[in-house]
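To keep things clear, I will list the structure first and then write my remarks on it.
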Amino acid sequence: MSAFPNDPKTQVMRQVQQEAAMQNARMLVEKLNEHCFERCVPKPGTSLSKGEEACFTACMEKYMSAWNTVSKTYVARIQRESQQSAGGLQNAL
Amino acid sequence: MDLGGASSSLAGLDLNKLSDRDKHELQQFVVNESQKARIQSSIHSLTDTCFRKCIPGGTIKKGQLDKYEEPCVRQCVDRFLDANLVVLKELERLRQ
């Protein structure tokens, strides 16, 4: 980002990026839990069964694949639309 | 942008000491990061909606998206955005 890793500007930038990454990760964890718990543990027992755990692992992987697919599709669309009309992007978001 | 949690580690920084050029660069940086954050937040909400629609209920056995789920997710994103445009257009029409 800069040749001086400790100058105030770089510090602020780094902090902003860390906050953004943190927020993103927090959101993903929240969604993963919400979706996968609903699907994999319909009737909570006295402990998580092996089957429930396996479902959770598969569900997490699937959710993250879906996240990546959505991300690719969405970003491609934004780029396509911002090329068509430079001013239209702001409205679409 | 909320920097509430950041204040501690940035304490003692005097941003007034930055040059005008740095201030401007920083401002642009924050604008860009906010834009990115907005896009990521849309991706989260789209994934939420499309996962619900495209992944059949019940226990999940395989981690990868299968050949029905993957196109479904892609179409879900595109149709959701189309629908969004319809809403915006209709509101625009009503406003006139």
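Lettering of chains follows the sequences in order, A, B, ..., and the numbering in each one begins at 1. Just the heavy atoms: all of them, side chains too, but no hydrogens, waters or symmetry mates, feed the values below.
With a 4.5 angstrom heavy-atom cutoff, B/E70 touches chain A via backbone and side-chain atoms both. With a 4.5 Å cut-off on non-hydrogen atoms, A/E52 does not touch chain B at all. The contact between B/P56 and chain A is made entirely by backbone atoms, counting heavy-atom distances below 4.5 Å. With a 4.5 angstrom heavy-atom cutoff, B/L18 touches chain A only via side-chain atoms.
Between A/C59 and A/C36, the gamma sulfurs sit within a distance below 2.5 angstrom.
At distances below 3.5 Å, at least one donor-acceptor pair connects side-chain atoms of A/K62 with backbone N or O atoms of B/Q64. Judged purely by atom type and a 3.5 angstrom limit, A/R77 uses its side chain to pair as donor or acceptor with the backbone of B/D78. Counting only distance, with no hydrogens or angles, the side chain of A/T69 and the backbone of A/S65 share a donor-acceptor pair below 3.5 Å.
Between B/E92 and B/K89, no side-chain nitrogen of the basic residue sits less than 4.0 Å from a carboxylate oxygen of the acidic one, so the salt-bridge criterion is not met.
By number of non-hydrogen pairs under 4.5 angstrom with chain A, the leading residue of B/L46, B/D22, B/D48 is B/D48. The candidate from B/E69, B/K61, B/Q40, B/H44 with the greatest count of non-hydrogen atom pairs under 4.5 Å with chain A is B/H44. Note: A/S71 leads A/S71, A/C40, A/A76 in heavy-atom pairs under 4.5 Å with chain B.
The disulfide (SG to SG under 2.5 Å) contacts involving residues 17-51 of chain B comprise B/C50-B/C76, where partners must be two or more places apart or lie in separate chains.
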